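Predicted model only: the values in this text are computed from it and were never measured. Numbers here simply count residues along the sequence, with the first being 1.
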Amino acid sequence: MRYEDFHRRSIEDPEAFWAEQAQAIHWHKTPDKILEYDNPPFRRWFAGGETNLCYNAVDRHLPARGDQLALVAISTETGLTREITYHQLHREVNIFAAVLKSLDVGRGDRVVIYMPNIAEAVFAMLACARIGAVHSVVFGGFAAHNLALRIDDAEPKLLIAADAGSRGGKVIPYKPLVDAACAEASFPPPRVLMVDRGLDPDYAKVEGRDVDYATLRERHADAQVDVTWLESNEPSYLLYTSGTTGKPKGVQRDVGGYAVALALSMWSIYDVRAGQVMFSTSDVGWAVGHSYNVYGPLIAGATSILYEGLPTAPDPGIWWSICERYVVRTMFSSPTGIRVLKKQDASWLKKHDLSSLQYLFLAGEPLDEPTAHWITDGIGKTIIDNYWQTETGWPVLALMPGLELKPVKFGSPGLPTPGYNLRVIDEVSGEEVAPNQKGVLVIEPPLPPGCMTTVWRDDARFVRSYFSHFKQLVYSSLDWAIRDEDGYTFILGRTDDVINVAGHRLGTREIEESVSSHPNVAEAAVIGVRDELKGQVPVVFATLKQAGIAATAAEEMRDCVSRQLGALARPARVYVVAALPKTRSGKLLRRSLQALAEQRDPGDLSTLDDPNALEEVKQALARGADAGG
Ligand code: ATP
Ligand code: MG
């Protein structure tokens with residue numbers, strides 16, 4: 001079928017379209033209504049239907065493909081590879097589910113999973129799904145404080161952790177981080193289930209709280225745990241965004257809509273069907289890991305490859321050797337991952353037989369053209385940039401080779417995927433912009449199946465964060481975009497500006513908050529300014545409450561940021577001004593500030609409230625950093 005027809009139908013007749021897609025999964029009870037949309041922007045897909053993610057990912061495949069590999073968990077850190085069939089996965093998940101129940105975890109209870117990228121993390125997720133518990137996986141690389149924040153928001157009944165992760169051969173003990181997080185949290189979990197990998201065998205146990213998985217596993221070795229059927233809109237999991245504005249947002253996902261969206265994406269976008277193999281290099285702690293290391297491939301009856309280790313160890317050909325060995329059809333990685341390989345000899349791309357590999361999908365950040373060309377030439381495969389967010393759970397923009405492969409345009413993640421009614425609109429007026437004009441990428445509600453249903457326990461925040469940027473009710477992606485005359489969309493960065501300092505993403509808002517905590521700062525705008533060495537550096541424009549002590553204040557602001565956010569975030573320059581340029585609606589015009597700081601044209605200033613503010617900025621730049629106004 002033609003892509004255009006498929007997409008048009010999903011927008012013009014969403015109920016018929018999604019009713020058809022819903023047949024790809026098993027329903028214990030058929031939905032009463034495909035879409036309920038009487039309380040915008042909230043919507044309920046497949047209302048009244050009952051299903052279960054674990055059943056669709058595991059049990060359902062047993063008759064036809066029980067002996068096929070479901071999961072291959074490869075660790076180049078420990079040297080261990082585990083090949084797990086659907087039968088074996090079923091076994092492990094039943095045992096894990098029985099262990100959860102024995103710890104009094106049930107439907108609706110939250111379970112925080114803080115683990116490295118290993119098979120037990122997948123068992124734990126699926127076991128939660130089986131019994132209707134709501135998992136919240138926290139990326140194993142997060143520090144104790146980040147873990148504590150997520151614990152306090154989710155209020156879990158149980159935390160599941162491993163003794164340690166490993167990176168580049170260096171063991172990173174998790175238990176001290178878990179203990180520190182539990183000590184910091186106001187709602188620490190009453191129980192901690194420890195999966196001991198034997199990497200840090202002597203970790204300290206907390207009596208009465210910590211339990212050992214291996215012991216309980218033995219006790220429940222023959223367990224069969226019934227699937228708990230959930231209404232389509234019950235929460236399946238929470239996944240926290242990194243939260244540049246303080247408290248992280250708990251992205252809440254449903255059950256039925258998510259399963260249906262993943263099933264559709266697996267064949268139409270990733271072109272992977274039952275019996276085929278998908279290799280995503282992501283981590284279960286991220287959205288890609290949830291959707292395309294765990295639920296997506298398993299719902300499709302495919303084989304999923306999970307990888308713990310560096311892309312360069314034992315050698316830079318490791319990913320391609322995995323593709324050869326397991327006959328991988330579709331691979332999924334990130335531009336960063338490819339840039340790591342780009343630093344190595346390109347001959348590593350040629351050492352393995354990649355005849356099974358059809359596509360390499362890349363997502364998570366802009367795919368720069370040099371990198372896209374380098375990898376396209378290097379492996380001679382179709383490289384597909386795809387754009388999405390933790391919030392959406394699956395691609396918003398992509399090409400769909402399973403349906404019809406449209407030409408790749410370098411620099412663009414392609415075309416809207418089914419159900420996404422996208423517009424590029426003017427930041428201030430909210431009007432759709434002309435082709436090739438910059439605007440904000442927005443989604444016309446209702447959001448399609450698979451996207452977040454709300455912010456955990458905070459409906460108001462869901463509306464405020466995503467749906468209140470324009471006078472009309474639209475979901476703002478908070479990303480800049482342009483759309484060309486063929487409908488290809490190009491992503492130009494975030495409206496709330498995350499800057500990249502020496503490869504680290506820093507939220508400018510976070511730095512602004514830190515600068516603003518200085519007692520003499522009235523208001524601050526932080527932007528990323530191009531820098532030869534670091535890519536970008538943070539630069540501050542601030543207004544003071546009390547004029548005349550600009551130089552000392554500037555140094556104190558820098559110290560403030562270093563102390564609170566680390567040396568990387570330390571502002572390179574601080575400019576004290578009498579006023580900051582703002583739009584009429586009161587939004588800071590960061591892009592104009594940035595343009596001026598980079599000696600570029602500040603662009604369209606029709607939205608500027610006070611022209612003097614811009615003059616102020618120009619004068620401050622001419623005077624130099626740290627000087628008073
Ligand atoms: P937070 O929302 O907490 O600040 P985050 O936005 O970095 O975190 P994600 O949801 O993982 O977390 O990232 C989604 C964002 O990543 C998108 O909004 C976009 O800015 C960027 N992005 C993802 N894929 C692409 C892509 N293919 N091209 C360009 N940008 C992309
Ligand atoms: Mg985001």
What closest approach, in Å, do Met452 and Leu447 show between heavy atoms, and which atom pair accounts for it? O-CD1, 4.2 Å
Separation of Thr417 OG1 from His7 NE2 (nearest 0.5 Å): 6.5 Å
What residues, two or more places apart in sequence or in another chain, satisfy side-chain contact (heavy atoms from CB on, under 4.5 Å) together with Pro370? Lys342, Asp368
Looking at every heavy atom in both Gly256 and Phe46, which two are closest together, and how far apart are they? C-CD1, 4.0 Å
Out of the candidates Ile383, Thr281, Leu362, Leu367, only one should pair with Ile338 under the side-chain contact (heavy atoms from CB on, under 4.5 Å) rule; please name it. Leu362
How many angstroms lie between atom OG of Ser356 and atom CE of Met331, to the nearest 0.5 angstrom? 11.5 Å
Between Tyr237 and Arg253, do the side chains contain a donor N or O and an acceptor N or O under 3.5 Å apart? yes
How long is the span from the CH2 atom in Trp319 to the OG atom in Ser333, to the nearest 0.5 Å? 3.5 Å
Report yes if the distance between the aromatic ring centroids of Tyr292 and Trp388 is under 6.0 Å, otherwise no. yes
Using the ring centroid of each side chain, check whether Phe279 and Phe332 are separated by less than 6.0 Å. no
Tell me if a side-chain donor or acceptor on Asp426 pairs with a main-chain N or O of Glu431 at a distance below 3.5 Å. no
Pairs touching residues 405-432 that satisfy ring pair (Phe, Tyr, Trp, His ring centres under 6.0 Å), sequence neighbours left out: His373-Phe410, Trp394-Tyr420
Listing, residues 12-21 side-chain donor-acceptor contacts under 3.5 Å, not counting sequence neighbours, or none:
residue, atom, partner, partner atom, Å
Glu20, OE1, Arg9, NH1, 3.2
Glu20, OE2, Arg9, NH1, 3.4
Glu20, OE2, Arg9, NH2, 3.2

Provide the closest heavy-atom pair for Gly296 versus Leu262 in the form atom of the first, atom of the second, distance. N-CD1, 3.7 Å
Salt bridge Arg273-Asp271, side-chain N to carboxylate O under 4.0 Å: yes
Quick check: does any side chain N or O of Glu485 sit under 3.5 Å from a backbone N or O of Pro435, one acting as donor and the other as acceptor? no
In sequence, state the C-alpha distance, the side-chain angles, and the governing distance for Thr454 and Asp458, and then conclude on side chain to side chain contact (heavy atoms under 4.5 Å, CB included). CA-CA 7 Å; Thr454 187; Asp458 202 344; over 6 Å; no
What residues form a side-chain contact (heavy atoms from CB on, under 4.5 Å) with Thr390, not counting sequence neighbours? Leu239, Thr241, Val251, Ala287
Just wondering, more than 12 heavy atoms not from Lys534 lying within 6.0 Å of its NZ? no
Quick test of your reading of the model: are Asp153 and Arg150 salt-bridged, counting only N-O distances below 4.0 Å? no
For Phe42, what residues pass the ring-ring contact (aromatic ring centres under 6.0 Å, His included) criterion, not counting sequence neighbours? Phe462
Quick check: closest heavy atoms across Ser465 and Leu478, and the distance to 0.1 Å? O-CD1, 4.3 Å
Heavy-atom nearest pair, Gln276 first then Ala302, reads O-CB, 3.2 Å
Residues Ile491 and Ala481: closest non-hydrogen pair is CD1-CB, 4.3 Å
Can you confirm whether more than 12 heavy atoms, excluding those of Gln599, are under 6.0 Å from its CD atom? no
List the atom pairs, with distances to 0.1 Å, where a side-chain N or O of residues 396-406 and a protein N or O form a donor-acceptor pair under 3.5 Å, not counting sequence neighbours.
residue, atom, partner, partner atom, Å
Glu404, OE1, Tyr3, N, 2.8
Lys406, NZ, Glu4, OE1, 3.3
Lys406, NZ, Glu4, OE2, 2.8

Between Ser412 and Tyr387, is the side chain to side chain donor-acceptor pair (under 3.5 Å) condition met? List the steps. CA-CA 9 Å; Ser412 168; Tyr387 163 90; over 6 Å; no
